[in-house]
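Labels below follow one simple rule: chain letters A, B, ... track the order of the sequence lines, proteins then strands, and each chain is numbered from 1.
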Protein chains: 2
Amino acid sequence: MPNSTRPYHHGDLRTALIAEAAAMIAESGAGSVTMRALGRRLEVSRAAAYRHFADKGALMVAVAAAGFARLQGLLAAIDADSPADSPHRLPRMGEAYVRFALENPAYYRLMYGREALARVDVPELREAANALFDGLVGIFLMQQRAGVIRRQDPRAQAYVAWGAVHGLASLLIDGQILTAVDVDRLIQQMGATLMEGLRAR
Amino acid sequence: MPNSTRPYHHGDLRTALIAEAAAMIAESGAGSVTMRALGRRLEVSRAAAYRHFADKGALMVAVAAAGFARLQGLLAAIDADSPADSPHRLPRMGEAYVRFALENPAYYRLMYGREALARVDVPELREAANALFDGLVGIFLMQQRAGVIRRQDPRAQAYVAWGAVHGLASLLIDGQILTAVDVDRLIQQMGATLMEGLRAR
DNA sequence: GAGTGTATGTTGACGCTGTCAACTTCGATA
DNA sequence: TATCGAAGTTGACAGCGTCAACATACACTC
C-alpha cells in the first residue's frame, strides 16, 4: 500500500529527466545541467539517470530531439495558414524560426551547436534536422512552380535561406547585435532582401 | 649562470598560454583545453596560468580576441585588393569570411559562441567584433555611393549580410549541411543571392 | 498466493576538473 | 648587498561524470 513516503520507483523518470533538463536549460543555460543537480530536482539519486541514458550526452541529445519536434510543430502550424503560392509564405516561416530561437536561446544552441553535444554525428538529431530541411525544400519547390521564385536547385536555395535565418538568430541570441536595433524590422529586412534575391524575373 | 635545467621562470608565459591554448583548440576543440593539460604542454605547473589570468574564462577570452585580430587582418588584406566600387568586393569578403570559419572551426565557435565563454558580456570581445562590423558598414556605405547597392540603412544591410555568412559558416562547421553539396558553389550562390537582393535598381 | 526474474533506484568510490592558500624561487631595484 | 614583488609550485578542496555492487519493487509463472 502506498503511504506518505516517496515511492522507490519514480514512474516515468525518462520523460521527467528530459523535461527537467529542458527546464534547467531554459532557466540558466545548458552548462547548468548536471547529473547531480538533475537528481536533486527530481528527488532521485545522481546515478538514476543512467538506467535510462547511456551517459549525459545521450540525455542532452534526447532534449535536443524534443526541441526539434517542438520547432517542427510550430513551423508546420504557421505554414498551414499560408496559401502554397503566397509570396509571404517563406518570410513568415523565417520570422517564426527566428522568433523560436529568440524565445528559447539555450535550447536552440543545444539543437544546432556541435560544441555542447558530442563532436560525433548523432543520427537521431541529423534525421530531425533533415526532416525540417526537407520540408523547407518542398516549400521552395512549390514556390518555384507558382512562379514566385526563380527556378534553381531548390536545395541550394533552401540552404542559403536557412543559413541566413540561422545566422541572424545566432547573432541575436549570442548578443552580437546591439539591442538598440529594431529586431522585428531586421528580421523583416532579411526576409525582404532574400526574397528580392530569389524572385523570379 | 643558466645550466641545462629549465629555468624557474618561463619568460613569456602569458603569450605562450594563449598560443598553446589556440593550438589545442585547433587540434581537438575547446573542450580539450584544460589548465592542467596546458601546464603539462608548457612544462609548467597547473596553477601557473593564474599569475596571468584571473580564471580559465579570462584565458579563453584572450584566445578569442587573438582570433578576432587574425580574422580582421585576413579580411583587411583581402579587401585591399578590391577597388572600392567593385561589385565583387562584398562577395569576396563573404567568401574569405566563410573560409576562415571552415579552416578554424573550433576557433570560430569560440569567438562567436556565447556558450563556450562566460554568459556575461565581455567588453574586449565586443569591441573586437564591433571593429570588424564597423569596417563592414563602411564598405556598404561606399558600395551605396558607388551605385552598386541600394540606398538603405547600411547597418541593417550589414547585419543581414553578416548574419547570412555567419549562418552559412555555422551550419557548415557544425555539420548541418551534407558534405555531398559543393561548398564553394554554395558560398558563391549565397553571395549572388544577397547581392541580387541588395542591388540598386 | 508463492516464488522468482528483471527493470529501476541507491551508495561508495575513482579520477578528472577549476581554483585557492601557503610556500618557494628569482630578477630588479634601493 | 639587502630586500621586495613578480612568477611558479605544491597541497588541498569541492564538484563533476561514471562505474560496480547492492537494494527494492513490480510483473510474471507455477
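- Comparing A/Arg51 and A/Thr34, the nucleotide of DNA chain D nearest to each residue sits closer to the 5' end for A/Thr34.
- Within 6.0 Å of CZ on B/Arg126 lie more than 12 heavy atoms contributed by other residues, nucleotides or ligands.
- Rounded to an integer number of Å, the gap from B/Tyr50 OH to D/dG11 P is 18 Å.
- Among D/dC16, C/dA22, C/dG9, the nucleotide with an atom closest to any side-chain atom of A/Arg40 is D/dC16.
- Distance A/Met35 CE to D/dC16 P: 12 Å, rounded to the nearest Å.
- Ranking D/dC19, D/dT9, C/dA13 by closeness to the A/Arg36 side chain, first place goes to C/dA13.
- Rounding to whole angstrom units, CG of residue B/Asp55 and C1' of C/dT17 are separated by 14 Å.
- With rounding to whole Å, A/Leu42 atom CG is found 16 Å from C/dT8 atom P.
- Counting only heavy atoms from C-beta on, B/Arg46 has its side chain closest to D/dT10 among D/dT10, C/dG18, D/dG17.
- Between B/Glu43 atom CD and D/dT9 atom C1' there is a gap of 15 Å when expressed in whole angstrom units.
- In this structure, A/Tyr107 and A/Tyr112 have side chains that are not in contact, with every pair of non-hydrogen atoms separated by 4.5 Å or more.
- Applying the 4.0 Å criterion to OP1 and OP2 of C/dG9, one finds that A/Ser45 has every side-chain N and O outside that range.
- Within the 4.0 Å cut-off from OP1 or OP2 of C/dA7, not a single side-chain nitrogen or oxygen of A/His52 is found.
- Contact check on A/Arg99 versus A/Asp184 returns a salt bridge, with a Lys/Arg side-chain nitrogen under 4.0 Å from an Asp/Glu carboxylate oxygen.
- Atom NZ in B/Lys56 sits roughly 17 Å away from atom C1' in C/dC20 (whole-Å rounding).
- Using a cut-off of 4.0 Å between Lys/Arg side-chain N and Asp/Glu carboxylate O, B/Glu27 and B/Arg41 are scored as salt-bridged.
- Here the side chain of B/Ala47 is nearest to one of D/dC19, C/dC20, D/dG17, namely C/dC20.
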